[in-house]
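Contents: one structure, followed by commentary.
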Amino acid sequence: MLRVSLRTKLALVSLVLLVLPWAGYRYVSEIERFLLESQRQSLLATAKAVATALHERPRLMRLSTPLRATTPAPSPPSHEATGEAAAAPVETAVPIPVHSDRLAEAAPLHPEKELASLLQGAERGDARFWVVNRDLKVLAVVGSLKPAADEEAAPGRRWLAWLIQPPPQDFDDKFDKAAQASRPEVTEALFGAGAARVRKTRDGRATVIAAAQPIWAADNVVGAVVAEQTTNSILSVRNVAIERLLILTLTVFAAVALVLLGFATRLSSRIRRLRDEAEGAIDAQGRISRLTAGSRAGDEIGDLSRSFSKVLTRLGQHHSYLESLASRLSHELRTPVAVVRSSLENLRMQGVSQEAAVYVDRAEEGLGRLSRILSRMAEATRLETSLATQERERYDLTAVVRDCVEGYRLAYPRQAFDLRLPVAPAFVRGSPDLAAQMLDKLVSNAVDFSVEGAAVTVEIAPEESYQRLSVSNRGPALPEAMAGKLFEAMISMRPASAGGEPHLGLGLYVARLIAEFHGGRIEAANLADGGGVEMRVMLPVAGVSSASAPIAFGKERA
Amino acid sequence: MAKTIAIVEDDPAIRANYADALRRQGYEVLAYDSRPAAMAAFALRLPDLALIDIGLGDEPEGGFELCRSLRALSARLPILFLTARDSDFDIVSGLRLGADDYLTKDISLPHLLARIAALFRRLDALTGSPPPEEVTERGDLRLDAGRFSVSWKGQPVDLTLTEFWMVHTLARHPGHVKEREQLMRDAQLVVDEGTITSHIKRIRKKFLAVDAAFDRIDTLYGMGYRWKADGA
């Protein structure tokens, strides 16, 4: 199964924040459109203003031919005009050679000069004005589309160049009179309506807005003023905006992503802690502890921790109910058994007939078996309660096992025992009485399953850090399904016995409790050849150091 | 005059059965089913022996309570617990409250009757009329089966009847191993193997209280116990 951690998921979710720069870009584009429109309007207005200045001056709309009109057109002071003409590269469109002698005579009335100087007044850094007459002849051109001083793009922003096209600086702005004069906006203006068009420069690198306004003389259009400007200024504003937007949103994105990541890390570490604790809540001995991780937190993880604790508590209650069931049952059954027993005994004391005595005997025999069952049921619980207060001591396991096996040889006269003990004493920590009880259970189990004539082997073998006590017998192998369950309470693999000793599956459970009391463990395995079963108890070796401290001796509590 | 025995037991069938058996032995029997009823009667007249169950009706510890009250009324009155509860904890609690013995309901009627007779004999020995001495002496140990008294190096050891019988069985044949079953039979005990271990532990503790060097009771794992003979 693919495992995606919470943190990764939240990080992925935070990618949604990348929609912010996109939205910002859309907004900037809107603004750009708006700016373009307003630039168009302002160009139109500028062209109109210039056109207004040229109204009712049809004289100026002619090429420099001898003038018939007598009224001199108002003109700016000549020094200003010449000064400006010298400063700005005024491209006076003069298709016909100028008659310099006449020019000198009628200088203030020279139409091109006057037009040019009039246009100078409206000129801006990056705009071009020109005037065309009804014959589509360009009379004057002022200004350039390129800004006077080339602004070098800030070096720090070059990295953005691949993302944001900087406004082109070296576009082709050559003025082609014939082509320009026939542009549709000019035609429209000559028909009497102001118009603006957006077009590309000839090399297609820059965008130019051209606005044309008619020049009126009486009711006739005598020419048109055209104002042209590139959109570069808007582009640079837009670029700066996009740049800032990018920097801002990326910074915000990074900050938010960091915060989210931190939050997710904290969240997932809390959940991990909770998970680890939940997994360890039921220990190897089946004891159930409450959760502490996040149990005081006021959020959902706290809720989870608390409800998990609640479930565990319930489980614990159920667990202890099951554990105590056997002992409670045996306790509850004791009173009715006592009623039957005392009644039978009273009956016998009164004196019963020979025939009736047979039945009383049988009843007492059944009662005896019932009592044994009951006391066995209570044995495990009694052991558990006594383990809680039992003191541990360091003792030699070999001595206990040797004594025990001597006893078994008497107790099971028909069974052979093979005892293998190490030469050195095997010190363990626990209770020798309990160890003997554990061995009782293991040996009685082994004897019951042993085949006729084969010896039951009892062996102690020192291993690295523990003593291995094993009891093995020849006989049927363990069924697969029983693996691991053998040492649980109320688990028995024996066939239901008719009349013999009752088997409640508590013997090996008792053995397990005692092995665990010694800090060890117990396991069952089939012999290598499959012809028998071995029960192994691993008990940790009790160090000499702990035995040499007599104060601690026997004071340890379970 | 017949001895009076009070039975305080909430189960009517057991109460009647025990009462019948005791009456057949010639005792006068007073049966009560609850602590208040028993206390009301004891306030008027004390029996010669009280047989008490621990759980009484809706009082799960009523027997302990009753034992404490009775002990307050009389220091000498023999009190026997007869109960279905056999945990070490209950046994220790019962004996601490001053009960003379603690029997589980597994005990057979003949055993119960023998116990009661023995308690009366011990009581008679204390009150004067000297019963026949059945003294067994094993070195520092002196056992009087007539008075059920034990002394070690001249100092009395306060054993319950159960414990007395166990010591008696062990010490009669020093050096002999007594298997648990044998111990149970001889001591007229009906206890589980598990409880024998704790009985032995309590006996050792009582002797150790008198003599810190006491080590006569030997455990032979898997077999049983034995009383070490002098010098062994």
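Please read these numbers as outputs of a predicted model, since none were measured by experiment. All chains are named by letter (A, B, ...) in the order of the sequence lines, taking the proteins before the strands, and each is independently numbered beginning at 1.
Nearest heavy-atom pair, B:Leu109 versus A:Glu345, reported as atom, atom and distance to 0.1 Å: N-OE1, 2.7 Å.
Ranked by heavy-atom pairs under 4.5 Å with chain B, the list A:Ala399, A:Pro432, A:Pro336, A:Ala435 is led by A:Pro432.
Under the 3.5 Å distance criterion, with hydrogens and angles disregarded, a donor-acceptor pair is assigned to the side chains of B:Arg24 and A:Asn346.
Of the atoms belonging to A:Val337, not a single heavy atom falls under 4.5 Å from chain B. For B:Leu113, the part lying under 4.5 angstrom from a heavy atom of chain A is the side chain only.
Counting heavy-atom neighbours within 6.0 Å of B:Glu61 CD, excluding the residue itself, gives a total above 12. Within 6.0 Å of the CG atom in B:Asp215, the count of heavy atoms belonging to other residues, nucleotides or ligands exceeds 12.
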- Task: Apply the test side chain to side chain contact (heavy atoms under 4.5 Å, CB included) to residues B:Ile14 and A:Arg341: give CA-CA distance (whole Å), side-chain angles for both, the deciding distance (0.1 Å), then the verdict.
- Result: CA-CA 9 Å; B:Ile14 293 184; A:Arg341 184 196 302 280; over 6 Å; no

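Of the inter-residue distances, the one linking B:Asp20 atom CG with A:Leu347 atom CG reads 11.5 Å to the nearest 0.5 angstrom.
Of residues 6-13 of chain B, those residues lying under 4.5 Å from chain A by any heavy-atom pair are B:Asp11, B:Ala13.
Looking at B:Pro110 and A:Met349, their side chains come closer than 4.5 Å, going by heavy atoms from C-beta outward.
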